[in-house]
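Contents: one structure, followed by commentary.
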Amino acid sequence: MLDKLRRRAQATTTSLPLYRVIPGRATRTYAAVHYHAVNSSADEVVAYLEQHDQAIPTTRYSGLMIAAASSFATGHDDAVVRYLDELSSRYPDQAEPEVLRARLLVFRGDHDTALLHARRAVTLDPTSATAVAQLVKLSYETHADDADDVAVAALTRLPTAAAVVWQACKHCRSEEQYRRIVGIYPDALPRPTPARVEPRLQNLATAAARAGLLDSAIDLYAQAMRLRLGGVNPHREVKEKQLAGRGAWHAVDDVMEVLESVGMPYFLAAGTALGMVRAKGPLGHDSDIDVGVLAQDWDHATLVEAFNTHPRFELDVAHPQHDKVYLKHRRGSSLDIWRFYEDEGKVWHDGLMTRWGNTPFAIERRTVKKRSLPLPADAERYLTESYGDWRTPDPDFDAFCDAPNVEVTWPAYLRFHRVRRAYRYLTTGRVQAAAEQLVLARPDLDATPNGRRLAEELDL
């Protein structure tokens, strides 16, 4: 409950300038910096920090952490280092500064040193979910020999921590590791009640899918849906990843800066192109920022090096069978860089289970919010081919299932995706919409024990 209230408070302080009426200097300063980090330009944020730096109360641990975290969020790294050095000197036994230093080092491309700080953070506070999740993440990113063991140990110690479960499942790459995870997880829960198990079944399904076990992934989602139908966690929301409140314009500006610095031609694609044309900006309900690079310009190694060493980006983990470059921006936005190629008279880009084809297009610059943005030249044709009636917002639109220009390349994974989509519908009370998706995945649903029972319960 406390975490939920904190998230709501954070969302409010980023959308409204409430810091002006918040009492308490430390809280007011933190709220102000958080608001400006999302709503102001980078220069404005830096100016605010420089103007108010001396006013940030740092006589106490909490004030120093607020100052360090605020400076990190805005990319004011010299100040981050200064605050972290002071924290290390005055509070050497606290784990939180070690976690933040590890995050800073990740954005600087020094994953090995970041791992050392994550390990120190866990040593200082083995109960910190943030520290343990960071250790799991960095163990995999540095290809540590014991990464799988670290993930299993983390799940055993903190089985109810969402961040820990997600990192362990997100990085699962083999059937052996998946079997280890599902073998220890239920017993690790202090009280393995349905209410505790249900929220994490979708994470375990992710582990199964990434290990190539689609039948197990479908069975786990079916189990979660059966629990929901039985009245378990009826009011628990399943949050979709969204750009809203994550400084999407900052991410657009920075990704353009990086690609132009390495001389790689690019354009804004898919949902980002739709947002720029229809809404004059990134769509808040979209999940990520989409950038396209044509095959003749594509250089995966250059992209990885450029973003791995840029202080406002980190490389994130995409599905092991997909070659897109998947990024996280310092302010929270996700970004996908797609390779576009010509085949059979169309220009395609590949998803994991589908590909999307468009009539070949040139790239032209459009001015949006005083920015010169590269977009497909015949935007109306490009968007109509990709979305149909693109002028009318459709909150249910799913590019894998609904795009007019989609071609299925991995049918079994698409059927798993439909089961996953059905779960999301069901968690919002849309039972009929869920049933429609499950009917389309029926052969694979019937191949699993929970899937068969779910089909019976819904009378499919």
Side-chain angles (χ1 to χ4, degrees), residues 129 132-189 192 194 196-228 233 236 238-241 287 315-322 326 328 334 351-353 400 410 412-424 427 441 444-445 447-451 454:
V132 173
Q134 183 84 319
L135 177 60
V136 173
K137 173 179 180 289
L138 285 166
S139 296
Y140 279 109
E141 290 181 355
T142 57
H143 306 289
D145 292 338
D146 64 345
D148 282 350
D149 294 333
V150 169
V152 170
L155 282 174
T156 304
R157 188 162 64 250
L158 296 175
T160 61
V164 173
V165 180
W166 171 239
Q167 288 297 337
C169 292
K170 177 182 180 180
H171 289 89
C172 184
R173 291 291 183 274
S174 68
E175 179 176 354
E176 178 186 1
Q177 180 66 353
Y178 169 72
R179 298 300 179 197
R180 291 182 70 189
I181 289 172
V182 298
I184 65 99
Y185 186 73
D187 292 335
L189 289 168
R196 286 178 178 267
V197 170
E198 186 272 331
R200 302 282 73 85
L201 289 173
Q202 59 182 325
N203 299 142
L204 297 175
T206 295
R210 294 195 172 204
L213 303 171
L214 295 181
D215 55 342
S216 296
I218 287 172
D219 192 67
L220 285 161
Y221 267 116
Q223 182 184 350
M225 281 185 272
R226 293 184 64 223
L227 289 173
R228 283 289 185 133
N233 296 331
R236 186 181 73 83
V238 178
K239 295 288 187 180
E240 295 284 346
K241 182 176 67 174
S287 60
L315 295 170
D316 206 351
V317 181
H319 191 283
Q321 297 189 43
H322 199 281
Y326 183 31
K328 282 284 190 180
S334 297
L352 178 63
M353 56 194 127
F400 297 109
W410 190 354
Y413 204 99
L414 182 65
R415 290 192 292 273
F416 159 66
H417 174 72
R418 289 190 181 279
V419 173
R420 179 170 58 187
R421 191 181 184 189
Y423 172 72
R424 291 169 182 163
T427 60
D444 292 17
L445 196 68
T448 71
N450 279 294
L454 177 64

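Values reported hereafter were calculated over all heavy atoms of this structure, with side chains retained and with hydrogens, waters and symmetry mates removed.
No side-chain heavy atom of Phe416 sits under 4.5 Å from any side-chain heavy atom of Asp444. Residues Leu189 and Thr160 have side chains in contact (heavy-atom distance under 4.5 Å, counting atoms from C-beta outward). For the pair Val152 and Gln177, the minimum side-chain heavy-atom distance is below 4.5 Å. Looking only at side-chain heavy atoms (C-beta outward), Glu141 and Leu315 stay at 4.5 Å or farther from each other.
One finds the CE atom of Met225 at 10.5 Å from the CG atom of Leu220 (value rounded to the nearest 0.5 Å). Summarising the geometry, atom OH belonging to Tyr221 is positioned 10.0 Å from atom NE2 belonging to His417; distances are rounded to the nearest 0.5 Å. Between atom CG of residue Leu135 and atom NZ of residue Lys137 there is a gap of 11.5 Å, rounded to the nearest 0.5 Å. Atom CG in Leu227 sits 8.0 Å away from atom CG in Asn450 (nearest 0.5 Å). Distance CZ/Arg415 to CG/Leu214: 9.0 Å, rounded to 0.5 Å.
Every residue two or more places apart in sequence or in another chain that forms a side chain to side chain contact (heavy atoms under 4.5 Å, CB included) with Ala163 is listed here: Ala133. Among residues two or more places apart in sequence or in another chain, the side chain to side chain contact (heavy atoms under 4.5 Å, CB included) test is passed with Ala154 by Val132, Val136, Val164.
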Problem set entry | Verdict with reasoning, Arg180 to Asp149, per salt bridge (Lys or Arg N to Asp or Glu O under 4.0 Å) | CA-CA 10 Å; Arg180 291 182 70 189; Asp149 294 333; 3.0 Å; yes
Problem set entry | Step-by-step side-chain contact (heavy atoms from CB on, under 4.5 Å) determination, Val165 to Tyr185 | CA-CA 9 Å; Val165 180; Tyr185 186 73; 3.9 Å; yes
For this session: Start with the C-alpha distance between Phe400 and Leu352, add both sets of side-chain angles, then the distance that settles side-chain contact (heavy atoms from CB on, under 4.5 Å), and finish with yes or no.
Result: CA-CA 9 Å; Phe400 297 109; Leu352 178 63; 5.7 Å; no
For this session: Evaluate the criterion side-chain contact (heavy atoms from CB on, under 4.5 Å) for residue pair Arg179 and Leu213; output intermediate values, then yes/no.
Result: CA-CA 10 Å; Arg179 298 300 179 197; Leu213 303 171; 4.0 Å; yes
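At least one donor-acceptor pair closer than 3.5 Å links the side chain of His171 to the backbone N or O of Gln167. Side-chain atoms of Asp316 never come within 3.5 Å of backbone atoms of Tyr326 as a donor-acceptor pair (strictly under, hydrogens ignored). Side-chain atoms of Arg210 come within 3.5 Å of backbone atoms of Lys170 as a donor-acceptor pair (strictly under, hydrogens ignored).
Closest heavy-atom contact between Asp219 and Gly451: OD1-N, 3.9 Å. Pairing each heavy atom of Cys172 with each of Tyr178, the nearest pair is SG-N, 3.6 Å. In terms of heavy-atom proximity, Ile181 sits nearest to Ala168 at CD1-O, 4.0 Å. Summarising the geometry of Ser139 relative to Val150, their closest heavy-atom pair is OG-CG1, 3.8 Å, with the distance given to 0.1 Å. Taking both residues in full, the closest heavy atoms of Ala129 and Ala161 are given as CB-CB, 3.7 Å, listed atom of the first, atom of the second, then distance. For the pair Ala217 and Ala208, the tightest heavy-atom approach, listed with the atom from each and the gap, is N-CB, 3.7 Å.
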List, one per line, each side-chain donor-acceptor pair under 3.5 Å for residues 197-205, sequence neighbours excluded.
unit_1 : atom_1 : unit_2 : atom_2 : d
Glu198 : OE1    : Asn233 : ND2    : 2.9
Glu198 : OE1    : Arg236 : NE     : 3.1
Glu198 : OE1    : Arg236 : NH2    : 3.3
Glu198 : OE2    : Arg228 : NE     : 3.1
Glu198 : OE2    : Arg236 : NH2    : 3.0
Glu198 : OE2    : Tyr423 : OH     : 2.6
Arg200 : NE     : Asn203 : OD1    : 2.7

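Within 6.0 Å of CG on Asp145 lie no more than 12 heavy atoms contributed by other residues, nucleotides or ligands.
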